[in-house]
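These notes are about the structure you will find just below.
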Amino acid sequence: MTIRLYNTATRKKEEFIPLVKGKVGIYVCGVTVYDLCHIGHARSTIVFDVLVRYLRAKGFEVTYVRNFTDVDDKIIDRARQTGKDPASLAREYIDAFYKDMGELGVLNADKEPCATEHIDRMISMIETLIDKGFAYVEGGDVYYAVEKLDDYGSLSGRRLEDMHAGSRIAVDERKRHPMDFALWKAAKPDEPQWSSPWGPGRPGWHMECSVMSNYYLGPTFDIHGGGKDLLFPHHENERAQSKAANGVEFARYWVHNGFVTVESEKMSKSLGNFITIRDALKDYPAEVLRLFLLSKHYRSPLDFTRKDVLDLQSGLIRLYRTLQRMKTIVGRSEQKDQSQSVSLVDAPDGSFLDQFVRNMDDDLNTAGAVGLIFEKAKEMNRLMDRQGNTTDPEVFKQLKDDRRQIFLVARILGILQDSPEVFFTKIAGPARVDPEEIESMLRERTKARTEKDWAKADSIRNRLQEMGVVLEDGPNGTTWRLDV
RNA sequence: GGCGGCAUAGCCAAGUGGCUAAGGCAGCGGUCUGCAAAACCGUUAUUCACCGGUUCGAAUCCGGUUGCCGCCUCCA
């Protein structure tokens with residue numbers, strides 16, 4: 001069964017057939033490291049994290065490249081404002097990226113290059129472009145001539161004439177065409193700079209991705225990803241540079257994720273509605289955020305509202321309750337043999353795993369996949385309800401098998417990775433209760449209940465409720481948990 | 001002005017030509033319980049913004065209308 005991906009270049013869902021059978025090269029535009037990452041960055045990073053996990057689960061050998069843009073106007077500006085050195089500022093936010101994305105369960109890419117590590121190769125590519133007549137030098141700057149590439153604009157579906165007509169931006173008169181863009185920028189005083197055949201300077205933004213993707217994955221590779229906003233001009237220009245320099249096709253499948261809005265408004269510094277991952281993590285456990293970002297199709301816009309996130313949190317709590325219940329009934333899951341006993345590749349038709357694969361194969365329908373997990377959890381609860389106190393080995397086997405399957409798909413989505421206790425603690429916040437005291441109150445209440453002193457039993461329960469403790473009377477006695 | 005996308009129940013959200021329109025949240029009724037909690041069962045869209053068209057058959061394809069959004073400038 002093959003994966004179908006929506007290819008922005010053709011505006012269609014297409015069957016994904018890798019260049020080399022069984023192998024996938026994927027390049028995703030990372031972040032410019034001048035500030036903390038926000039939930040929009042989180043969405044993009046998580047979507048491609050899941051894509052890579054899924055490809056691997058399908059048996060592909062994946063080379064995943066995700067870059068850091070560590071030289072750029074914004075970094076230079078921010079460094080100036082804060083009196084920091086641009087390089088150390090970049091380092092600081094690279095560290096912050098790993099910390100924040102790590103908390104969200106994002107795995108590292110195979111290659112995570114910084115632009116500044118590839119300056120020499122960028123210079124070489126610019127030289128090639130000049131030699132081939134696709135670029136020209138003006139003073140210490142080098143520009144790419146968009147008119148020289150016959151299909152410039154085809155990736156983003158634009159025509160040069162249309163853009164020309166709508167453009168109201170002051171055009172640098174050194175450019176031969178208004179849409180020409182800088183490959184190399186002459187250095188201004190006090191800016192990071194590297195020597196080049198055109199004098200000291202730094203590369204234009206698009207160069208790094210052309211060079212690094214080609215360097216790690218070859219001139220033609222399988223998947224290029226990034227946020228929708230990067231389609232133009234960034235990806236269009238990347239593609240133009242590489243195609244012109246290498247004379248072959250660049251990325252074969254272009255995958256773009258949609259934007260995150262906050263309470264129906266685009267995140268922007270001026271509106272003050274920028275939500276950093278760090279701030280979001282103060283309000284919600286990482287998995288709630290992760291699941292929320294995967295609960296809508298990756299290409300659709302996603303509105304981040306408190307109500308919707310909390311609604312989803314309620315759902316995740318229910319999944320964890322099911323897992324906790326499983327633990328008390330059939331015991332802990334055995335991590336080791338999980339991967340051997342269940343597999344994505346030979347799932348029987350119509351089975352849970354088969355349905356999961358069908359959803360994910362269809363342009364990474366994580367929302368549909370999440371729905372399946374809820375259905376499976378309900379099925380497990382039903383089994384546990386029906387079984388009650390008995391210990392039917394058949395039921396045990398079924399439950400364990402169900403749990404293995406849930407964990408298999410949850411690992412691909414990167415959820416349900418906490419133990420239920422840890423998860424509930426994250427939601428309830430740091431414990432303010434003394435377990436000893438609760439146990440003692442519980443004993444008192446149990447005594448009252450055996451004496452059918454309901455008034456006393458209920459008053460104890462109410463007191464515990466006020467302490468944030470919820471009781472559950474079951475056939476095997478009373479258990480307590482933090483109210484979430 | 002150019003390009004693109006989206007409109008599915010109270011809210012969020014799958015489904016893109018044909019079984020009874022997934023799932024979650026919230027609500028209501030029920031089972032269980034001394035009462036709760038949790039879980040489960042039932043229930044909440046004869047209908048998928050609106051109007052036409054294609055088809056034996058459309059939420060799903062085509063045309064139009066309305067509304068919302070994104071990109072065209074740094075942006076995940």
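In the text below, chain A, chain B and the rest are named by the order of the sequence lines, each starting its count at 1.
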How would you label the contact of A:Arg321 with the nucleic acid (heavy atoms, under 4.0 Å): base, sugar-phosphate, or nothing? sugar-phosphate
From the list B:A36, B:G23, B:C71, which nucleotide is the closest neighbour of the side chain of A:Lys266? B:C71
Hey, does A:Val370 reach any base, or is it just sugar-phosphate, or nothing, if we go heavy atoms under 4.0 Å? nothing
Which part of the nucleic acid, if any, lies within contact of A:Arg461, taking any heavy atom under 4.0 Å across all strands shown: a base, the sugar-phosphate backbone alone, or nothing? base
For a quick check of understanding: with a heavy-atom distance under 4.0 Å over all strands, which category does A:Arg306 fall into, base, sugar-phosphate or nothing? nothing
Heavy atoms from C-beta onward define the side chain here; which of B:A37, B:C74, B:G23 lies closest to that of A:Lys74? B:C74
Tell me whether A:Phe259 is stacked on the nucleobase of B:G70, counting only the six-membered base ring and applying the 5.5 Å and 30° thresholds. no
Looking at A:Lys185 and A:Asp73, does any basic side-chain N land under 4.0 Å from a carboxylate oxygen? yes
Runs of at least three consecutive pairs that involve RNA chain B, where pairs are Watson-Crick or G-U with distances under 3.5 Å: B:1-7 with B:66-72, B:10-12 with B:23-25, B:27-31 with B:39-43, B:49-53 with B:61-65
For A:Arg449, report the nucleic acid contact type (base, sugar-phosphate, nothing); a contact means any heavy atom under 4.0 Å. base
What contact category does A:Glu472 fall into here, base, sugar-phosphate, or nothing, at under 4.0 angstrom with non-hydrogen atoms? base
For A:Asp458, which contact category applies under a 4.0 Å heavy-atom criterion: base, sugar-phosphate, or nothing? base
Could you check whether A:Met384 gets within reach of a base, just the sugar-phosphate, or nothing at all, counting any heavy atom under 4.0 Å? nothing
Any ion pair linking A:Asp362 and A:Arg358 (charged N to carboxylate O, less than 4.0 Å)? no
Interface polar pairs with nucleotides 14-19 of chain B, N/O, under 3.5 angstrom:
residue, atom, partner, partner atom, Å
B:A14, OP1, A:His297, N, 2.5
B:A14, O3', A:Asn365, ND2, 2.8
B:A14, O2', A:Asn365, ND2, 3.4
B:G15, OP1, A:Asn365, ND2, 3.0

Looking at every strand, decide which applies to A:Gly157 at a 4.0 Å heavy-atom threshold: base, sugar-phosphate, or nothing. sugar-phosphate
By the 4.0 Å heavy-atom rule, please label A:Gly258 as base, sugar-phosphate, or nothing. base
Where the side chain of A:Leu230 is defined as all heavy atoms beyond and including C-beta, which of B:A76, B:G34, B:C40 is the nearest nucleotide? B:A76
Minimum-distance nucleotide to A:Trp205 side chain [options: B:U73, B:G24, B:C75]: B:C75
Under 3.5 Å between N/O atoms: give me all the protein pairs with nucleotides 8-11 of chain B, atom names plus distance.
residue, atom, partner, partner atom, Å
B:C11, O2', A:Lys307, NZ, 3.3

